[in-house]
Structure formats: C-alpha cells, structure tokens
Amino acid sequence: MEKHEELQILRHSTSHIMAQAVQNLFPNAKLAIGPAIENGFYYDFDIEGTTLNEENLKDIEKEMRKLVEQNLTFEKYVIPDVQKQIDEFKAQGEIYKAELLEEHKNDNPTLYLTKDKDGNVLFNDLCAGPHLENTKKIRAFKLLSVAGAYWRGDVKNKMLQRIYATAFFTKEELNEYLTMLEEAKKRDHRKLGAALDLFSVRDEIGGGLVLWHPNLAVVREEIENYWRQEHRKRGYVIVNTPQIAKSKLWELSGHIDHYKENMFFIQKENEEDDQYIVKPMNCPFHILIYQANRHSYRSLPLRMAELGTVYRKEKSGALSGLTRVQGFTQDDAHVFCTPEQLVDEINAIIDFVADTMDIFNMKFEVELSTRPESYVGDLKNWELAEAGLKEAMDRRGMKYEINEGDGAFYGPKIDFKVKDAIGRTWQCATIQLDFNLPERFEIKYQDKDGQLKTPVMLHRVIFGSMERFHGILIEHYAGAFPTWLAPHQVAIVPIADRHADAAAEITNKIKALGIRALLDDRSESMNYKIRENLQQKKIPYVLVVGDKEIEDKTVAIRARGRGQIGTKPLDEFISMLEEEIKTKGKKIVE
C-alpha cells in the first residue's frame, strides 16, 4: 500500500474519532459526512444552538486525545437489515445518515463500530472504510478551522458546520505541515495583492472578475512576451477569436449539452433574435479557423495558439482572489495532427511544460485522467486516446498517477501539478486528447493515400490561466518577483537633497535602456528608503548615490535578500543587470 493510501486511511479513521468526540461534548450533534481530503479531513455537523469556535476546537481535540488513549478498535459491520437501520437513524435524529443509507441501501452498506477494550460499542458511523485496526497510530493530529457548508453543497439545504483537520503518522510530519500552513498565510496572494498594489476585485464589477493593477500587469506583460516568443519558436501560429458566438456553435460543439450551467447567456431582445453566448472555451473557434483552409498530411501538425479570455459561471462561495475566478485568459492552444504524429506532439508539449516550469524553478507531478461516465464519442477512440497518452509518457520514462474517470467529457487528459517554493501542488498545464470535436465539426485532411481523414486534436495549456498562474507565482515568490518579472527592477536613492539631480540622471539613463527604474527622492532617511524598497516593495536592487558615487561615477548596490553587494561603476552594474534580465536569473548581479 502506498503512503498516500495509508494517510487517507489514517485520516478517515481520525475523522471518526473527531465525530465521536463532538458527540461526546455535544450530544445533540447530528453527523453528516467526514471524508479524507488531499491534506487532511473534515466532518460536517448539525449542532442546533451551538456555533463552534476556537475554544470548542481545543476542547474537541482534548476529548479526541482521551479517546485515542483508550486504545479503541475499529470494526467493520455489514448492516443485516438496512430498513431497520434507517429507522434507527431516524429515531436517533441522525437524518443525514438515514438519507445517505437510503441512497446506498442496495450497495451492501456497512457501519464502522468503535469499541473499547471490553468490546462495548461506543460509537458507530455509516462508512465504506477501510479504517485502522485501532487508535494506536492516531497520535499526530490538529483541528484547523471551522467553516459553513451546505448539506450536499446545495444552497437550498441547511447550513452545517464543517471542522477541517489534518493527521499524520508522526509529530514531525505534522509540525512540518503546520509550519507550511503558517508560511502559506504569509504568502497569501490576496494579502500580498493588496500590500503590493497588484490587483483587486470589486463588487461594482462582480465576483471573480479581476482588475490588473500596473504592478501585476507588468509581470503579465513579461510572461506573455515569453509565451509568444516560445510559441513561435516551437512552430505555433497565434490567432485571436471573438468573445461571443451564436448558441448554434455551442450546440454543434456539445458544450450546451455538457456545460450549460457554467455558461453566460446574452439576453435576447426579440424572440426571433439569435441567442448569443459568452465564450467559455476557445476550441470551437480554432476548429473554424482550421476549416477555413484545405489541409493535407503535409500541412500537419497545425499548432494554433491564443491568449483567449473566457468566462465561466462559478458559485460565489467558490471564488477566491486570482486562483478561482469567472473571467480568465487561457494560454490556450490546439494541435491538429495525424495519428502517426500524436505521440511526438504530446512529447513536444511535455518538453514545453518542463522548459517553462524550469524558468520559475518549479518541479511537477503528472496525472493521467481517464474516461468519465458522461463521456461522448466512440469507446474505441477513447481507448486509442488513452493508449496514446500513456505511450508518450512511457516512452520518456515519466512517472504518473492514473486518475480513473476524471477526464474531460470529450477526451482523456494529462494534468501537470507544479510544486511551489513551500511544497504545495497546483494544477497548471494540461494536455487533453480529443477525437470528438473533429468528428462533430467534420474537419478533414487529405492523407498520403488521397483519402480524406479526420485529424486528431490536442487541447493544451502551459500555465492554465493567466489569473491562476499569477496567483500561484505571487505565493511561490512571496511577492518578491525575480528581476526579469519585478514591477520595478531597481530603485535609485539619493543620500541627500544635493544628490537628487544626479540620481535622476541615473534613473533616466536606466529607464532609456528599457529597465524598470524608480527614483525615490522623498524627504525620508536613506536607511528608511532602502529598507522600504527592498523589504516592503520587494524591489530587487537599490542603488545609493552620494558624493563619492557621483565623483567616481559609481553606485553603491544593495540587493534584496543579500544585503550590500558593494560599489560598482554604473555602466558595469547596468551590463550585469541586463544580463540577469536576459537570462531570467541564470546570471545575477554580484
């Protein structure tokens, strides 16, 4: 059994102990669900008359420790008479368990019993398991927070109280995770976004619609410049497509059937008017561009890319800063190729992802998501698609997890989960293989034998979305962007008023070279300005200019995070700074 599975079992078992502790302290608490999740577990409770707070969490933790010390056992119990158990749950007021059991009554449902050393049943929970044998391994856990959660995620249902928690096999692992959480709080892109004047979201516009302030717009400009240069180098053509289209397009693509609840519709003025939809995807437009010309096997692969802004409805409670929005720009691309070219094209995209993430010093893990229940298209094509993705990764010896049934409705996909500076994983790049849309739109190419055939289509993003990726970058760098991305790359600080003119000349000279320079000639102390520019504004370099520097035509250099570098001739510093920017930090000013 892999460690991830072992952790899931530990956390699920710990969630049962938490539920037992809650009911010991709050006998009127009704149980909902308590699954293990990526970094811990949660449990939802209905506790009439009580709103849980931090003190309650401490008490629940204390009660959990008492239970754990009793060396309780977990025992699986197959329910012999399901209807009788449903009636018992209802009589106990366990309405949520009764509802769940009613749904799963034909699935050989089980309870997990918690017993003491004498075999007495202290607690039971409706659960499929598996669980630990006993509580001996439950040693390192922490209750983290309380939040509201609607039963089954439906706003029409009652609001429950959700306790988030985590558990590990050792206290060392738990402490490492808690330290990471504290660091994550400091790096929260929403807080840094305000502190560094990067972006904002306003009620007047609507949730999940982002205003990019000049400081973050500069970062985006640099990344978009890289994106365009690299795509052209790698044989892509860049296109632009409209923001809206008739509903007929989305009917043809299948999005209305599978994605309607996430789409924004434009109100018709008259019944005879065509219905328009704000685009949630770029792919149908790219197919129409493909259709505009005839293609043979010699003209493939055709690699088509767009920084395309799309809009998708999200529940307001799910929106968060830059990482969960309703309007976002995908660094989208679609590759049209022959079946023989498929594996090479997938490998070329993997190379693109690897090269790009290396620039940001990010490693990544890979996951293959296979056919979901609500798939469209021919089963044989799905099997060929999944085999093609596996072959591409196997050929290069990549390790990957298989995520059964989590593919897009039109094809399987490879997801790249990048690791940031504090070890968290984020979903970014994706490669999705699609046999469905080419058939729906009846696009063709002429093969070597003269026959018209349907190309294979790859959907692909490198960053995922510009909004989400910038949110990740802010947290990855803790707001301290590397020099090539920094909103201001250097600040010039005169020591006294008499040095202001010389500092202004230096600033103008640097700016004329395309370097983002800031003159700080405020009537504050030199040390205050140095500290504020390096630590609060997180500018990579500060140049101090005084009598000696003016006389020698030099600058005294301070570097963010490294302190004093020394004094260098201005031209030498500029040359080194330009090299650092050009190499994206592979060489730095020293």
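The basis for the numbers below is simple: all heavy atoms, side chains too, and nothing from hydrogens, waters or symmetry mates.
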* Look at Asp420 together with Arg424 and state whether they make a salt bridge at an N to O cut-off of under 4.0 Å. => yes
* To do: Answer yes if the side chains of Thr425 and Glu38 hold a donor-acceptor pair under 3.5 Å, and no otherwise.
  => yes
* Go through the structure and list residues passing side chain to side chain donor-acceptor pair (under 3.5 Å) with His231, not counting sequence neighbours. => Arg460
* Structure fact -> residues 193-210 vs side-chain hydrogen bond (donor to acceptor under 3.5 Å, both in side chains), sequence neighbours excluded, gives Asp197-His213, Ser200-His213, Arg202-Glu204
* To do: Measure the acute angle between the ring planes of Trp484 and Phe360, then classify it against the limits of 30° and 60° as parallel, tilted or perpendicular.
  => tilted
* Short N-O contact, Arg298 and Asp447, less than 4.0 angstrom -> no
* To do: Please assess Asp355 against Lys233 for the test salt bridge (Lys or Arg N to Asp or Glu O under 4.0 Å), listing each intermediate value before the final yes or no.
  => CA-CA 13 Å; Asp355 292 346; Lys233 273 190 213 173; over 6 Å; no
* To do: Hey, could you give me the OH/NZ distance between Tyr276 and Lys246, rounded to the nearest 0.5 Å?
  => 4.5 Å
* Donor-acceptor side-chain pairing of Thr370 and Glu404 below 3.5 angstrom -> yes
* Asked: For Asn508, does the CG atom sit with more than 12 other heavy atoms under 6.0 Å from it, leaving out its own atoms?
  -> yes
* Asked: Looking only at heavy atoms, which two atoms of Ile462 and Met357 are closest? And how far apart?
  -> O-CE, 3.6 Å
* Checking side-chain contact (heavy atoms from CB on, under 4.5 Å) for the pair Tyr226/Thr356: CA distance, chi angles, key distance, verdict? -> CA-CA 9 Å; Tyr226 163 81; Thr356 300; 2.8 Å; yes
* Residue that, paired with Asp188, satisfies salt bridge (charged side-chain N to carboxylate O under 4.0 Å, His left out) out of Arg190, Lys185, Lys191, Lys186 -> Arg190
* For Ala429 and Val353, which heavy atoms make the closest approach, and how far apart are they? -> CB-CG2, 3.7 Å
* To do: Kindly write out the residues that satisfy salt bridge (charged side-chain N to carboxylate O under 4.0 Å, His left out) with Arg516, not counting sequence neighbours, or none if the list is empty.
  => Glu222
* Asked: Just wondering, more than 12 heavy atoms not from Gln243 lying within 6.0 Å of its CD?
  -> yes
* **Heavy-atom side-chain proximity of Glu401 to Leu368 below 4.5 angstrom** => no
* To do: Go through the structure and list residues passing side chain to side chain donor-acceptor pair (under 3.5 Å) with Arg468, not counting sequence neighbours.
  => none
* **Lys/Arg cation over aromatic Phe41: Arg11, 6.0 Å, 45° cone** => no
Considering only distance and modelled atom types, tabulate donor-acceptor pairs under 3.5 Å from the side chains of residues 573-582, sequence neighbours left out.
unit_1, atom_1, unit_2, atom_2, d
Glu580, OE1, Tyr541, OH, 2.6
Glu580, OE1, Val589, N, 3.1
Glu580, OE2, Thr483, OG1, 2.6

* To do: Go through the steps to decide whether Phe264 and Trp250 satisfy the test ring-ring contact (aromatic ring centres under 6.0 Å, His included), and finish with yes or no.
  => CA-CA 12 Å; Phe264 287 98; Trp250 308 107; over 10 Å; no
* Rounded to the nearest 0.5 Å, how far apart are CD of Gln330 and CZ of Phe328? -> 5.0 Å
* Least distance between heavy atoms, Ser253 atom then Pro284 atom -> CB-CG, 3.9 Å
* Structure fact -> So CG of Leu518 and CD of Gln489: to nearest 0.5 Å the spacing works out to 12.0 Å
* Once you round to the nearest 0.5 Å, how far does CG of Asn215 lie from NE2 of His488? -> 6.5 Å
* To do: Kindly say whether the aromatic ring centers of Tyr290 and His295 come within a distance under 6.0 Å.
  => yes
* To do: Verify the neighbour count for atom NZ of Lys419: are there more than 12 heavy atoms of other residues, nucleotides or ligands below 6.0 Å?
  => no
* Asked: Checking side-chain contact (heavy atoms from CB on, under 4.5 Å) for the pair Leu437/Ile287: CA distance, chi angles, key distance, verdict?
  -> CA-CA 8 Å; Leu437 281 180; Ile287 291 174; 3.7 Å; yes
* Who are the ring pair (Phe, Tyr, Trp, His ring centres under 6.0 Å) partners of His459, not counting sequence neighbours? -> His334, Tyr410
* From Lys315 atom NZ to Asn262 atom CG, the distance as rounded to the nearest 0.5 Å -> 10.0 Å
* Asked: So, Thr338 versus Glu340: side-chain donor-acceptor pair below 3.5 Å or not?
  -> yes
* To do: Please step through side-chain contact (heavy atoms from CB on, under 4.5 Å) for the pair Leu144 and Ile163, ending with a clear verdict.
  => CA-CA 7 Å; Leu144 301 172; Ile163 299 178; over 6 Å; no
* Asked: So does Asp415 pair up with Lys413, basic N to acidic O under 4.0 Å?
  -> yes
* Are any of the side-chain heavy atoms of Pro339 and Leu342 separated by less than 4.5 Å? -> no
* To do: Please list, chain by chain and in numerical order, all residues satisfying salt bridge (charged side-chain N to carboxylate O under 4.0 Å, His left out) with Lys142, sequence neighbours excluded.
  => Glu61
* Structure fact -> Taken in chain and number order and not counting sequence neighbours, the residues that satisfy side chain to side chain donor-acceptor pair (under 3.5 Å) with Asn403 are Glu367, Asp406
* Looking at residues at least two apart in the chain, or sitting in another chain, which of them share a side chain to side chain donor-acceptor pair (under 3.5 Å) with Glu386? -> none
* Partner set under salt bridge (charged side-chain N to carboxylate O under 4.0 Å, His left out) for Arg558, not counting sequence neighbours -> none
* Asked: What ring-ring contact (aromatic ring centres under 6.0 Å, His included) pairs are there with at least one residue in residues 173-194, not counting sequence neighbours?
  -> Phe168-Tyr177, His189-Phe199
* By side-chain contact (heavy atoms from CB on, under 4.5 Å), which residues pair with Ala147, not counting sequence neighbours? -> Tyr164
* Centres of the Trp212 and His470 rings: under 6.0 Å? -> yes
* **Nearest-0.5 Å distance that lies between atom CD in Glu590 and atom CD1 in Ile557** => 11.0 Å
* Please say which of Asp344, Ile431, Ile414 ends up in a side-chain contact (heavy atoms from CB on, under 4.5 Å) with Ile349. => Ile431
* Is Lys417 atom NZ crowded by more than 12 heavy atoms from other residues, nucleotides or ligands, each under 6.0 Å away? -> no
* To do: Just do the side-chain contact (heavy atoms from CB on, under 4.5 Å) check on Val542 and Val490 with the steps written out, would you?
  => CA-CA 6 Å; Val542 169; Val490 58; over 6 Å; no
* **Basic-acidic side-chain contact under 4.0 Å: Glu467, Arg220** => yes
* Distance under 6.0 Å and angle within 45° of the ring axis: does Lys538 meet both against Phe481? -> no
* Residues, nucleotides or ligands: over 12 heavy atoms within 6.0 Å of Glu261 CD -> yes
* Asked: Salt-bridged, Arg228 to Asp331, with N to O below 4.0 Å?
  -> no
